[in-house]
Amino acid sequence: MSERYDPGAIESKWQAIWDRDKLHSVAEDSDLPKKYVLEMFPYPSGDIHMGHVRNYTIGDVIARAATMQGYNVLHPIGWDAFGLPAENAAIASATHPSTWTYANIERQKASLARMGFSYDWDRTVVTCDADYYRWGQWIFLKFWERGLVERRSSPVNWCPSCATVLANEQVIGDGVCWRCGSRVEKRELEQWYFKITDYAQELLDALEDLPGWPERVKTMQANWIGRSEGAEVLFALCDERGEPTDERITVFTTRPDTLFGCTFFLLAPEHPLAMRLAGGTEHESEVRAVIEAAARETSVERSLGERQKWGAFTGRYVVNPVNGEKVPVWVSDYVLMEYGTGAVMAVPSGDQRDFEFARQYGLPIPPAVIREDDPMLEKLRASQERVLDDVDWECAYDGPGVMVQSGRFTGLPGGKNSRGVSEVIEWLAERGAGRAAVNYRLRDWLISRQRYWGNPIPAIYCGACGLVPVPENELPVVLPMDVDITKGETLADHPEFYETTCPQCGGPARRETDTMDTFTCSSWYYLRYCDARNDSAIWDKAKADYWMPVDQYIGGIEHAILHLLYSRFFTKVFRDIGITEASEPFTNLLTQGMVKLDGHVMSKSRGNVVAPEDMISRFGADTLRAYVLFMAPPDKDLEWSYEGVEGMHRFLMRAWRLVTEVCAEVSPDVPPLGTSDAGKDLRREVHRVIGKVTRDVEQFGFNTALAALMELVNAAYDYRNKVGPAERDRSTQLECCESLVLMLAPFVPHMSEELWSNYVRREGSVHVQGWPTSDARIAAADEIELAVQVNGKVRGRVVVPAGTAPDAIESAAREAVNDHLAGKEIVKTVAVPGKLVSFVVR
RNA sequence: GCGGGUGUGGCGGAAUGGCAGACGCGCAUGGUUCAGGUCCAUGUGGGGGCAACCCCGUGAAGGUUCAACUCCUUUCACCCGCACCA
């Protein structure tokens, strides 16, 4: 009677019906509590891969389960469609980036539909559509109004292969381009920046308000922001004759308590002062050599491993404000222009790098902060002379200790965040020679790109007025389609694009021809989903406030800094502009693990990919979905196994057969619900599994939830093997099948729908049913098995009726381990209700 | 160097401090089948014993506890992020 499980037929049938009925469209007018479930949107770089399948399946289970549990669920999808891969593909295949991009979007859309994901397709956004990117330009203008946009010249990361600049966050690993892996070079260029550093402190502090984020991601962001507390100290520059001038050079230090140990002063090779000081002197050639060598090297090579430090004396001195000492100014390649002020005070006794430099060039190493138990302490106390060097020192000491040879501060505790630090700062501040300061590693976000396939920056250069924003009512600045990327063209090759008039004075002007970093497009798409079709505003605030923040975000760990930091920044600016109430975009974050084959991440270049489409064709989308959920917890890497896929397919067929057989059995003279022992056992198992699966889904334990469903199917077969067809309790079996199908629904939506609609209930969609509830009274066992331990080892077990008095349990337990108690004295008895009884004997 | 994470059978993986190895894969035996596959049943951490049972076992070494994969200390290996950051 029952039909074979045929995923191919079932899946396409239900996909068409769900689509026709708009089963997954949502509105903001529900009485139900909202839940916004979001997966990171794909880049349309070809077919979807297993990483997408895993990411979107996890999100789909969360979204579908939430719907059944009574939430109004927003679950949208879109495409992150601007970017270099489209240009590269266009060059390779002699097409236009838009042709390639939209074709891929259609292919991916079809694959996602085949997977049966519950998206509200009416909200789809594609970032290269003008009705999306115009709002990206609008955001740019708003940022500009708020002083968060800057155009300035500074050393930037240049990818020679991509022929564009990159943000700091896009330089990864050993200093390579995040996208193509080429070595990144340093260039001095004028570029557009978003001033994310204005939000550095809040981006750091607010991490504490994100308990739903993995610790790992928060730590990575905190490290990236890299807050250091310390002081700015002003050193007076001396003239050629060594006489102090009014010019001050500022350094940042975390250790002002070591100022008395400063014996030289360092400038980064890029520091403008370097050549100014040494130029035209006997030191010029040596200083120039250091500067030129540093310029030849990439910043990567400069920071690689243990390398010899190299420097040159400029011939000039600066005055140490705490003791008036003149210390020589050197230029060295271990000082970075991009951190702090590009100038540092060197304390060789307290900093290993300075120590090495001092040893190399024979500069003095006077102790400033030493260990309290350092034998040198006594010697220094006794000595009237300043100890300038101690040959015993093997390396610098940067731990906590006591300040020595430090004038009025001598004897104070020193070290990071010590009293010595705060007292020195206070002293400096009183004399205008310094102040407390905080320094961040985070740099401003360089957002301009010298590429065609991106969102045009809405700015105009006017000879008379300077930089002028494109007026809001002239948006969008449309990206022209007639640019021939195969000839290496960019917007700068198209006068009809860039020739314009100044919005302010009406004179001839030139449009900006750079486009924005694609990460600007992906930093606000989750807000646009809230009101995706709005053509008069970026979104309706009420709608955004209804859905935001995203309750559950799911995506790869590779975005731990880039996308997630930028999105947090955007959301905070939006809040300050007043277009959202949300302060953080993503309340809970799940970073899913990678899908690997033979221990390696699947990749086209490695040639170890398993195509989702093949798997769908062979086993069906439901099998693939359940498989990727079952093989590992969502945040762990998943090792692909073809046998594992087959195993999951077997389970689905087994579940299918169970439900169809049970529903086909017609025996009206069935005993009432769960009266036989076997029937009671099955019913108990049903309710135990409901409880287990409910908890597991809540905690994203999809692998254990599926395991519990397997146990339920196994239990149902056990029952049917034990009880003859005539005696089988049809009500209990139906309750079992109904619960099973309801719980399977988020995992294997097509099969569940087919079983629900054509076998179990024959009415309504399974996906709009309520989630089953576990009845604790039914789930409770009437008999409990307890382990009995003697001195911590299990020596026996007892079965007692539920509710047996503790005394009776204990004596039964004693009986069960009689042999082990013989001749011994029971010193202690520990009873854990429902678990075990433990005797301690002597 | 700093920060984060992971170590459990042949494999993927389970275990609010309470019977380690759920569930699945693989494997073995038997059944169904003309046969292969499918499917069904049973077994499956290591060692010892005819056996009821006993000993060992969660990277390593200590500790706390009646009881430790789980908590504490030390340590090893691997993975990830940052890094001449002053």
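Chain naming here is simple, since letters A, B, ... match the order of the sequence lines and numbering starts at 1 in each.
Using a cut-off of 4.0 Å between Lys/Arg side-chain N and Asp/Glu carboxylate O, D6(A) and R4(A) are scored as not salt-bridged. For the pair E646(A) and R650(A), the salt-bridge criterion is not met [side-chain N within less than 4.0 Å of a carboxylate O].
Ring-plane geometry between F357(A) and Y361(A) is classed as tilted, the angle between the planes lying from 30 to 60 degrees on a 0 to 90 degree scale.
As the counterpart of C84(B), no nucleotide is assigned, since no Watson-Crick or G-U wobble pattern has both distances under 3.5 Å. Of all nucleotides present, only C56(B) satisfies the Watson-Crick or G-U wobble test against G45(B), with each distance under 3.5 Å. Judged by Watson-Crick or G-U wobble contacts below 3.5 Å, the nucleotide C71(B) has G63(B) as its partner. Nucleotide U38(B): unpaired (no Watson-Crick or G-U wobble partner with both distances less than 3.5 Å). Judged by Watson-Crick or G-U wobble contacts below 3.5 Å, the nucleotide A22(B) has no partner.
Evaluation of atom-type donor-acceptor distances gives a pair under 3.5 Å for the side chain of K309(A) against the base of C84(B). Looking at Q789(A), its side chain comes within 3.5 Å of the base of G18(B) through a donor and an acceptor atom.
Checking S228(A) against N439(A) by side-chain atom types alone, no donor-acceptor pair falls below 3.5 Å. The closest side-chain donor-acceptor pair between R179(A) and Q170(A), if any, does not fall under 3.5 angstrom. Using a 3.5 Å distance cut-off with no hydrogens or angles, the side chains of E169(A) and Y566(A) do pair a donor with an acceptor. If you check the side chains of Y719(A) and E685(A), you find no donor sitting under 3.5 Å from an acceptor.
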Footprint string (nucleotides 35-46 of chain B, 5' to 3'): B base within contact, S backbone only, - free, heavy atoms under 4.0 Å: ----SSS-----
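When the C1' atom is compared between C56(B) and G49(B), the two are found 15 Å apart, to the nearest whole Å. Going from the C1' atom of U64(B) to that of G10(B) covers 36 Å, rounded to whole Å. Remark: the separation of the P atoms in A52(B) and U8(B) is 31 Å, to the nearest Å. The C1' atoms of A77(B) and C40(B) are separated by 45 Å, rounded to the nearest whole Å. Taking the C1' atom of each, C85(B) and G3(B) are spaced 14 Å apart, rounded to whole Å. Rounded to the nearest Å, the gap between the C1' atom of G63(B) and that of G12(B) is 34 Å. Distance check on atom P: G43(B) versus G21(B) gives 15 Å, rounded to whole Å. The P atoms of G18(B) and U29(B) are separated by 39 Å, rounded to the nearest whole Å.
For W178(A), the ring pair (Phe, Tyr, Trp, His ring centres under 6.0 Å) criterion is met by F519(A), not counting sequence neighbours. Contacts of Y627(A) classified as ring pair (Phe, Tyr, Trp, His ring centres under 6.0 Å), with partners at least two apart in sequence or in another chain: W640(A). Residues that satisfy the side chain to side chain donor-acceptor pair (under 3.5 Å) test with D351(A), not counting sequence neighbours, are R353(A). Residues satisfying the ring pair (Phe, Tyr, Trp, His ring centres under 6.0 Å) test with F630(A), not counting sequence neighbours, are none. Under the rule for a ring pair (Phe, Tyr, Trp, His ring centres under 6.0 Å), F651(A) has no partner lying at least two apart in sequence or in another chain.
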Write down the protein N/O and nucleotide N/O pairs, taken from nucleotides 52-54 of chain B, whose separation is under 3.5 Å; answer none if there are no such pairs.
| residue | atom | partner | partner atom | Å |
| --- | --- | --- | --- | --- |
| C54(B) | OP1 | R795(A) | NH1 | 3.2 |

Enumerate the protein-to-nucleotides 78-82 of chain B contacts in which both atoms are nitrogen or oxygen and the separation is below 3.5 Å.
| residue | atom | partner | partner atom | Å |
| --- | --- | --- | --- | --- |
| C82(B) | O3' | R441(A) | NH1 | 3.1 |

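The separation between F357(A) atom CZ and A86(B) atom C1' is 14 Å, rounded to whole Å. L336(A) places its CG atom 10 Å from the C1' atom of A83(B), with the value rounded to the nearest Å. Rounded to a whole Å, the CG atom of D257(A) is 13 Å from the P atom of A86(B). For L266(A) and C85(B), the CG to P distance is 13 Å, given to the nearest whole Å. If you measure from atom CZ of R359(A) to atom C1' of C84(B), you get 19 Å, rounded to the nearest angstrom. To the nearest angstrom, P of G13(B) lies 15 Å from CG of L706(A). Rounded to whole Å, the distance from CZ on F630(A) to P on C11(B) is 17 Å.
Residue contacts for G226(A): at a heavy-atom cut-off of 4.0 Å it reaches no nucleic acid atom on any strand shown. Within the 4.0 angstrom heavy-atom criterion, only backbone atoms of the sugar-phosphate kind lie near N714(A); the bases stay farther away. Counting non-hydrogen atoms under 4.0 angstrom, P214(A) reaches nothing in the nucleic acid. Using a 4.0 Å heavy-atom cutoff across all strands shown, S838(A) reaches at least one base atom of the nucleic acid. G792(A) comes within 4.0 angstrom of sugar-phosphate atoms only, judged by non-hydrogen atoms across all strands, and of no base. Within the 4.0 angstrom heavy-atom criterion, no nucleotide atom of any strand lies near Q352(A). Residue K793(A) is in sugar-phosphate contact alone, with no base atom involved, counting any heavy-atom pair closer than 4.0 Å across all strands shown.
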Hey, can you pull the donor-acceptor pairs under 3.5 Å for the side chains in residues 701-716 of chain A, sequence neighbours left out?
| residue | atom | partner | partner atom | Å |
| --- | --- | --- | --- | --- |
| T704(A) | OG1 | D696(A) | OD2 | 2.9 |
| T704(A) | OG1 | G701(A) | O | 2.9 |
| N714(A) | OD1 | R654(A) | NH2 | 2.7 |
| N714(A) | ND2 | M710(A) | O | 3.4 |

Which atom pairs, donor and acceptor, lie under 3.5 Å between side-chain atoms of residues 828-842 of chain A and protein residues at least two apart or in another chain?
none

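In G43(B) the base sits anti relative to the sugar, since the glycosidic angle is further than 90° from 0.
Geometrically, K309(A) engages Y334(A) in a cation-pi contact defined by less than 6.0 Å to the ring centre and at most 45° from the axis.
Contacts between residues 635-643 of chain A and RNA chain B, defined by a heavy-atom separation under 4.0 Å, are made by D637(A), E643(A).
Ranking A22(B), A86(B), G18(B) by closeness to the T253(A) side chain, first place goes to A86(B). You'll find that the side chain of R797(A) is closest to C19(B), out of C85(B), G18(B), C19(B). Taking the side chain of M710(A) as heavy atoms from C-beta on, and the options C23(B), G3(B), G13(B), the nearest nucleotide is C23(B).
Taking each heavy atom of L564(A) and R568(A) in turn, the nearest pair found is O-CG, 2.9 Å. Residues A433(A) and P321(A) share a closest heavy-atom pair of CB-CB, 3.8 Å.
Among residues at least two apart or in separate chains, side chain to side chain donor-acceptor pair (under 3.5 Å) pairs with a member in residues 628-638 of chain A are K596(A)-D637(A).
Distances shorter than 4.0 Å separate none of the side-chain N or O atoms of T254(A) from OP1 or OP2 on C85(B).
Judged by closest nucleotide on RNA chain B, K835(A) is the one of K835(A) and V790(A) placed further toward the 5' end.
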